[in-house]
There are 2 protein chains.
Amino acid sequence: MPELDGSLIAGLPLFSAMSKKELDFLLCRARSARYPKDLAIFEQDGNADAFFLLLDGHIRVVRLNEDGEQVIARYINPGELFGIAVAMGRATYPASAIAAVDCVALAWPNEAWPDLTARVPQFASGAYRTIGERLQETQDQVMQMSTEQVEQRVAHTLLRLVQQSGRKTAEGIEIDFPITRQDIAEMTGTTLHTVSRLLSAWEDMGLVRGGRQRVIVTDAHNLMLIAEHRRKR
Amino acid sequence: MPELDGSLIAGLPLFSAMSKKELDFLLCRARSARYPKDLAIFEQDGNADAFFLLLDGHIRVVRLNEDGEQVIARYINPGELFGIAVAMGRATYPASAIAAVDCVALAWPNEAWPDLTARVPQFASGAYRTIGERLQETQDQVMQMSTEQVEQRVAHTLLRLVQQSGRKTAEGIEIDFPITRQDIAEMTGTTLHTVSRLLSAWEDMGLVRGGRQRVIVTDAHNLMLIAEHRRKR
DNA sequence: TGCGCTCTTTGCGCCACCTCAAACAACAGA
DNA sequence: TCTGTTGTTTGAGGTGGCGCAAAGAGCGCA
């Protein structure tokens, strides 16, 4: 398969310091697969039997509580590892992974993990660094939810999405996958109504442009002012 | 040092599967230290140069944002690893660790990490499992803050504290370290006023007993009903 | 081209929780 | 024992954002 010859992958930071031999070792143990939009690549509480590297597309990581209420933990972008429960000694996935658009990913069976980490230690340390970043981001989120108003949280989230998954357009930077007001609400702990109101207000101020499942940030600078705005003090 | 002969430590789940030789290898590379109440064992954004195992006491893990607002990420209990930034490839600590009472902990210099993990792989996998649990707990916290009211969040937090750090007394289960209403507020994303009001109400209902920097849960069952209470549906 | 579905917008009323304020209680140190 | 400090309680009032409702608007599909 031409996608697996390494040319596509060697450019990723995770693999940049690897030799050709190490790369081959990794790649020949993975299988590449297409995941159509809306497919669950794995399910929360499902048996964790593989871990993944996203090559193309965007993935929504979703947690469901016992009442069926949904929260979006994060989006995964190309080049990122996901589903690496095995690195944390977990037997099940803590969340579901849903393809936000058509995706291509590499998948390794969990049984390959010991060999992989033994033979290619950079791969293991990359995975652990990823986990560290996720923990940090999640703790940041807790802090934001504790200390910020809804308006600031939504602004921060939009800026983060645009930074991580933005695509330059003539009008500004567009979030590169379909995202609903409801999705943004589930990332920020609010309701789609409040998100819609905020986006409408910001559109009037010329900070963003919206559409059905589309958000474009046209004035990141002033949006940042809103995100950092302090009520008191 | 008598504390380091292994008898105290071999009982911990992290070390239960290790041979005497492995244990000695770990322990002779650690130094044991006392940390008096209120001392910062390490500081947020400070250079991460060591990792720790709490032997006795309780530690408050605190994050500060740029406005000086404080959030308590968690409490560390005896037997737990903490400050394991090195396992995630981090150069700095993401939070501060403050002794909530007088504490005793083992400290390893970060330079020892490669040797330790190479020679005692169970130690590494224990650390990674710990990180996985922390990530899971933090994500649970985000979900709670998104979907639950303050009342439920405080009840859940109290139950968790009592479960993790509870001490049986004649009247019920007491949280085993001094904790203020302000502390509970900083764990749940509310204000000390609201926490105080809730605790007063629960005291009237006979669910808890309070005092200065003290909380005793006298009726965990009914407190759990409050924690799981659903407004709608 | 029209129908139905999903997503979005907007208005209105309300209440959970925050803010501000003040008094009270427990403890530590002189 | 007194006094300052830190933690707790409680009241009163205001509001941010939620719940509910209903009307648009874009898109896929027949």
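The structure presented is a predicted model; accordingly, all values stated were derived computationally and were not measured. Within every chain, numbering begins at 1; the chains are lettered A, B, ... in the order of the sequence lines, protein sequences first and strands thereafter. Below, all heavy atoms of this structure are taken into account, side chains as well, without hydrogens, waters or symmetry copies.
- At most 12 non-hydrogen atoms from other residues, nucleotides or ligands lie less than 6.0 angstrom from CD of A:Gln163.
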Polar atoms only, N or O, under 3.5 Å: list the protein pairs with nucleotides 21-23 of chain C and their distances.
from   : atom 1 : to       : atom 2 : distance (Å)
C:dA21 : N6     : B:His193 : ND1    : 3.4

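- Comparing A:Arg212 and A:Arg153 along DNA chain D, the residue whose closest nucleotide (by nearest heavy atom) sits nearer the 5' end is A:Arg153.
- Between the P atom of C:dA16 and the NE2 atom of B:His229 lies a distance of 12 Å, rounded to the nearest Å.
- Between A:Gln139 and B:Arg63, the side chains place a donor N or O and an acceptor N or O closer than 3.5 Å (distance only, hydrogens not considered).
- Across the protein-nucleic acid pair, B:Arg214 atom CZ and C:dA25 atom C1' stand 15 Å apart, rounded to whole Å.
- Note on the helix from C:dT1-D:dA30 to C:dA30-D:dT1: angle between the axes of the first and last five pairs equals 40°, rounded to 10 degrees.
- Remark: C1' of C:dT8 and CD1 of A:Ile179 are 15 Å apart, rounded to the nearest angstrom.
- Comparing C:dC17, C:dT9, C:dC7 against the side chain of B:Val150 picks out C:dC17 as the nearest.
- Between A:Tyr93 and A:Phe42, the ring planes are parallel. Angles under 30° get that label, and only those over 60° would be called perpendicular.
- Phosphate contact (OP1/OP2 of D:dT8, side-chain N/O of B:Ser196, threshold under 4.0 Å): absent.
- Counting to the nearest Å, the P atom of D:dG16 and the CD atom of A:Glu148 are 16 Å from each other.
- Per the geometry, CD belonging to A:Gln213 stands 12 Å off P belonging to C:dT9, to the nearest Å.
- C:dA25 atom P lies 18 Å from atom CG of B:Leu199, rounded to whole Å.
- Comparing C:dT9, C:dA26, D:dG17 against the side chain of A:Leu192 picks out C:dT9 as the nearest.
- In this structure, B:Ser200 reaches the D:dT10 phosphate: one of its side-chain N or O atoms is under 4.0 Å from OP1 or OP2.
- Contact of A:Arg181 with C:dT9 (side chain to base): no donor-acceptor pair of N or O atoms is detected under 3.5 Å.
- Classification of B:Arg167 and B:Glu174 as a salt-bridged pair holds, one side-chain N sitting under 4.0 Å from a carboxylate O.
- Between A:Trp108 and A:Phe51, the two ring planes are parallel [angle under 30°; tilted spans 30° to 60°].
- Contact annotation: A:Thr194 side-chain N/O to D:dC18 OP1/OP2 distance is under 4.0 Å.
- Looking at A:Asn77, A:Leu39, A:Ile41 one by one, the single match for side-chain contact (heavy atoms from CB on, under 4.5 Å) with A:Ile59 turns out to be A:Ile41.
- Between B:Arg134 and B:Glu80, at least one side-chain nitrogen of the basic residue sits less than 4.0 Å from a carboxylate oxygen of the acidic one, meeting the salt-bridge criterion.
- One finds no salt bridge joining A:Glu186 and A:Arg60 here, because no Lys/Arg side-chain nitrogen approaches an Asp/Glu carboxylate oxygen to under 4.0 Å.
- OP1 or OP2 of C:dC18 lies within a sub-4.0 Å distance of a side-chain N or O belonging to B:Thr190.
- Residues B:Met88 and A:Arg129 fail the side-chain proximity criterion, which asks for heavy atoms closer than 4.5 Å.
- Counting non-hydrogen atoms under 4.0 angstrom, B:Thr180 reaches the backbone sugars and phosphates but no base.
- Counting only distance, with no hydrogens or angles, the side chain of B:Thr190 and the backbone of B:Val150 share no donor-acceptor pair below 3.5 Å.
- Between D:dG17 and A:Gln149, a contact under 4.0 Å exists linking OP1 or OP2 to a side-chain N or O.
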